[in-house]
Chemist: 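I have a structure I would like to understand better, so I am pasting it below and will then ask my questions one at a time.
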Amino acid sequence: MEIPKFIGSLGKLRYLNLSGASFGGMIPPNIANLSNLRYLDLNTYSIEPNKNGLEWLSGLSSLKYLNLGGIDLSEAAAYWLQTINTLPSLLELHMPNCQLSNFSLSLPFLNFTSLSILDLSNNEFDSTIPHWLFNLSSLVYLDLNSNNLQGGLPDAFQNFTSLQLLDLSQNSNIEGEFPRTLGNLCCLRTLILSVNKLSGEITEFLDGLSACSYSTLENLDLGFNELTGNLPDSLGHLKNLRYLQLRSNSFSGSIPESIGRLSSLQELYLSQNQMGGIIPDSLGQLSSLVVLELNGNSWEGVITEAHFANLSSLKQLSITRSSPNVSLVFNVSSDWAPPFKLTYINLRSCQLGPKFPTWLRSQNELTTVVLNNARISGTIPDWLWKLNLQLRELDIAYNQLSGRVPNSLVFSYLANVDLSSNLFDGPLPLWSSNVSTLYLRDNLFSGPIPQNIAQVMPILTDLDISRNSLNGSIPWSMGNLQALITLVISNNNLSGEIPQFWNKMPSLYIIDMSNNSLSGTIPRSLGSLTALRFLVLSDNNLSGELPSQLQNCSALESLDLGDNKFSGNIPSWIGESMSSLLILALRSNFFSGKIPSEICALSALHILDLSHNNVSGFIPPCFGNLSGFKSELSDDDLARYEGSLKLVAKGRALEYYDILYLVNSLDLSNNSLSGEIPIELTSLLKLGTLNLSSNNLGGTIPENIGNLQWLETLDLSRNKLSGRIPMTMVSMTFLAHLNLAHNNLSGKIPTGNQFQTFDQSIYQGNLALCGFPLTTECHDNNGTIPTGKGEDKDDEEGDDSELPWFFVSMGLGFIIGFWGVCGTLIIKNSWRYAYFRFVEKMKDRLLLAVALNVARRTRKV
């Protein structure tokens, strides 16, 4: 329904409020006839997206209040400000979310200087803050949040001496030093500058506010910036402060003792900074405090009852450390009765143990309990189960808790449960139908997966029961978990075949069944999972060929089928259909045939492991097109990573977890590949591991292999490579593991950099190599040695022709040397006499030395 046109005929109308009335269509232009109108509110007047102009507005020259919030005024983007400037009596202007994009930096004259409230939030301004704005000296309320404003904050803000609210949050590109002149705004009640790029310290700003005769500041939000420095003691002078948000900056130092003077403070957020040290017990004086959040810092020391002495209003307590190392200890008596009733507790990497904290016994209003990595051991006391809590979240992971978990726990809708990395045993616990995420990994649970798991917890979205001792087969009922997104049942003793129930689980994102004893083939119904990103079936007894239906999983980013008994050719459709693959691991199977050239189309691939198969043929030269080995991963790629992967690097099998995104590995070892090493491989500049060992590769090592500056592992052993080791390899300074053994390499081993550290075992089986660290010396700088199978044919022919002359010269040398000495002694008597006299004298000295040594030893005995 449109705004009735007759409204434009009400010439004496002074007040018109149609906000929220859901009128549709265009704003009727005859509203311009309401020249006596003082108040006009059309805020979100329509639920339909209609583009409007503002031609009608200039006729309402008597307006004092105007609210056009939510109306699409993109048609007026070029002239909206000039139109507003025709309203000299305007006191309040509200135009949030109006699709405005042009924020003129200058006006010839300013006609609405009496304006006290200006709200232009949630628009599309992308300029600096215009200078004309600072002529509105009567402003009390200025809201420009959620635009794209940029540049610094001018000192001219100090001219707004009457300003009570300033909101410039979520502009992202407002940057520069935090202006200390904002400390002159003594009337300020709310300052919100969060989600920008402001830097520097806030000490002078807070010192300025504390110098005001009466500080009115109630709400200070500077979160998500780049602010640094310590929090000053002057913070404690802001007696009216109720809300303090400083999270996600780079503040350092400890919390000032003066914090205890903020008697009105209700919410305190200091999370995700670089703060540390001892938490002052003056926090315990904040009797109005409702929320205390100190996450992600480096706190240390001891927390006692004094820290909570007067926190009678506290409802949410959250203290976590930025690392899993525990240095903050709770030391409260076993009979301590807290003055508060918490609804939310989040304590991570803080020592609460060794026993389960008894002071929680009185907290019967809790909806969230997180005691993660709290060094708690033993069993969970019965009184916790008897509190009748309606939990939204229970996280007691990474402790040493043991015993059986009862099925009597009650949870609220879409609850999260994490009991990972403890010592819980017995059968898998099943709770209410409200649980949506269940993490029980790395415990001692045993027995089969319950057949009724889908019936008891039908809304499960995430299930991780890996690293337990579960046995039996995968129950068919799991196919009824239609909301499941993550299924991780790896590292158990599960057996039997993988059921054919996957077409009922369309949202699955991750499947990890690795390290079990599953057998049979991959079910064809897995191909129905078009949203699947990670498929990990490694370390089982699966066999057969890969079903062609898998090519429907075109969104796959990681495919790990290693250590099974799969056979047949590597399917070409992997390269044709799975263009988003980051990881392809088919190691230790019975795949045969050639490497399909379609693999070269996987431009995002940065881990390719085809080792320990029966693959033959040449290495496709188009591997040089695998651009994932040429560039670092983007932030978007890093966010996609899940799970772990076993790889061979640096000469040993390693399992990668959190740093998997850093690994760039190409492993084609232990196959029957032939031909030469493609020179195109040397263009994979970010490659970290290259393993081509145990194949039938021939030819020479590519001369420009030194381009692989990031290479840490290079294994070319057990092939038929010949020629010299390229000198360019000396520049591969990251190279930590090199193996060239059992080839036909020849010549001098390069020297310098990391080559000075390698052991001679990496060269064994190459009989024609010489130089350090081998004992075989090279005859010249070219690395020639007397014999060797690695010499060129031309060299061998040259050696044969020079052999007779070698013996002739050796004979002449002997004759000349012998008669040059002995002939002289025969002919010249004086030389002969002197020579034999010298020999006789040396004999006498030798005999005397022997006699003296014998006498000395006899004396000692």
Side-chain angles (χ1 to χ4, degrees), residues 558 560 562 582-585 587-588 604-612 619 623-624 626-634 637-638 641 644-671 673 677-695 697 701-719 721 725-743 745 749-764 772-773:
S558 178
D560 183 4
L582 297 165
I583 297 173
L584 176 59
R587 60 172 291 127
S588 298
L605 200 67
H606 74 102
I607 294 177
L608 175 60
D609 190 349
L610 306 180
S611 63
H612 294 269
I619 299 174
F623 269 19
L626 294 173
S627 54
F629 293 111
K630 299 180 182 182
S631 59
E632 298 183 50
L633 293 177
S634 67
D637 291 328
L638 303 189
Y641 265 83
S644 62
L645 184 68
K646 184 168 66 177
L647 294 169
V648 173
K650 300 180 181 179
R652 60 188 187 275
L654 301 172
E655 191 156 6
Y656 290 89
Y657 292 92
D658 297 336
I659 62 170
L660 189 57
Y661 65 90
L662 295 174
V663 179
N664 287 314
S665 175
L666 174 58
D667 191 346
L668 306 178
S669 62
N670 288 274
N671 280 289
L673 296 169
I677 299 174
I679 193 172
E680 288 81 2
L681 292 186
T682 62
S683 68
L684 306 180
L685 301 181
K686 298 296 182 180
L687 197 61
T689 295
L690 176 59
N691 191 347
L692 305 178
S693 63
S694 299
N695 280 288
L697 298 172
I701 301 173
E703 186 63 33
N704 55 350
I705 195 171
N707 293 342
L708 303 180
Q709 298 286 309
W710 284 50
L711 208 61
E712 298 180 21
T713 297
L714 175 61
D715 194 342
L716 304 178
S717 63
R718 300 185 184 279
N719 279 287
L721 300 172
I725 301 173
M727 288 299 299
T728 60
M729 291 179 64
V730 175
S731 64
M732 299 163 64
T733 53
F734 284 175
L735 196 60
H737 178 83
L738 173 66
N739 194 349
L740 302 175
H742 301 289
N743 280 287
L745 299 171
I749 297 172
T751 57
N753 293 335
Q754 73 290 345
F755 274 86
Q756 302 301 112
T757 66
F758 292 141
D759 185 77
Q760 62 180 351
S761 62
I762 71 169
Y763 305 111
Q764 67 183 5
F772 182 85

Chemist: Does any pair with a residue in residues 752-762 pass side chain to side chain donor-acceptor pair (under 3.5 Å), and if so which ones, sequence neighbours excluded?
Modeler: Asp759-Ser761
Chemist: Residues two or more places apart in sequence or in another chain: which of them pass ring-ring contact (aromatic ring centres under 6.0 Å, His included) with Phe623?
Modeler: none
Chemist: How many angstroms lie between atom NE2 of His737 and atom CG of Asp715, to the nearest 0.5 angstrom?
Modeler: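 Output value for this atom pair is 5.0 Å.
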Chemist: How many angstroms lie between atom OG of Ser717 and atom CG of Leu740, to the nearest 0.5 angstrom?
Modeler: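 Reported value, rounded in 0.5 Å steps: 8.0 Å.
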Chemist: Carefully, step by step, assess Asn691 and Thr713 under the rule side chain to side chain contact (heavy atoms under 4.5 Å, CB included).
Modeler: CA-CA 7 Å; Asn691 191 347; Thr713 297; 5.8 Å; no
Chemist: Please evaluate residues Leu708 and Leu714 with respect to the criterion side chain to side chain contact (heavy atoms under 4.5 Å, CB included), reporting the C-alpha separation (whole Å), side-chain torsions for both, the decisive distance (0.1 Å), and the verdict.
Modeler: CA-CA 10 Å; Leu708 303 180; Leu714 175 61; over 6 Å; no
Chemist: Run Leu738 and Met732 through side chain to side chain contact (heavy atoms under 4.5 Å, CB included) and show every step you take.
Modeler: CA-CA 11 Å; Leu738 173 66; Met732 299 163 64; over 6 Å; no
Chemist: Measure across Asn739 and Ile762 and return the closest heavy-atom pair with its distance rounded to 0.1 Å.
Modeler: OD1-O, 3.7 Å
Chemist: At their closest point, which heavy atom of Thr689 faces which heavy atom of Leu711, and how far apart are they?
Modeler: N-CD1, 3.9 Å
Chemist: Look up atom CG in Asp667 and atom CG in Asp609, then write down how far apart they are to the nearest 0.5 Å.
Modeler: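 CG of Asp609 is found 4.5 Å from CG of Asp667.
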Chemist: I need the Thr682 OG1 to Leu684 CG distance, nearest 0.5 Å.
Modeler: 8.0 Å
Chemist: CG of Asn743 to CG of Leu697: how many Å apart, nearest 0.5 Å?
Modeler: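 One gets 9.0 Å once the value is rounded to the nearest 0.5 Å.
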Chemist: Specify the closest pair of heavy atoms between Ser611 and Asn671, including all atoms of both residues, with the distance to one decimal.
Modeler: CA-ND2, 3.8 Å
Chemist: So, taking the atom named CG in Asn707 and the one named OG1 in Thr728, what distance separates them when rounded to the nearest 0.5 Å?
Modeler: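 Asn707 CG to Thr728 OG1: 7.0 Å, rounded to 0.5 Å.
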Chemist: Over all heavy atoms of both residues, which pair between Phe758 and Tyr763 is shortest? Give the atoms and the distance, please.
Modeler: CD1-OH, 4.1 Å
Chemist: Is there a side-chain contact between Asn704 and Ile679 (heavy atoms, below 4.5 Å)?
Modeler: yes
Chemist: Using every non-hydrogen atom in the two residues, find where Asn695 and Asn719 come nearest and quote the distance to one decimal.
Modeler: C-OD1, 3.0 Å
Chemist: Can you name the closest pair of heavy atoms from His606 and Phe629 and give their distance?
Modeler: O-CE2, 3.1 Å
Chemist: Could you walk me through whether Leu673 and Leu692 satisfy the side chain to side chain contact (heavy atoms under 4.5 Å, CB included) test, starting with their C-alpha distance in whole Å, then the side-chain angles of each, then the deciding distance to 0.1 Å, before giving a yes or no?
Modeler: CA-CA 9 Å; Leu673 296 169; Leu692 305 178; 5.8 Å; no
Chemist: Which residues pass the side-chain contact (heavy atoms from CB on, under 4.5 Å) test with Gln709, sequence neighbours left out?
Modeler: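 For Gln709, the residues satisfying side-chain contact (heavy atoms from CB on, under 4.5 Å) (neighbours in sequence not counted) are Ser731.
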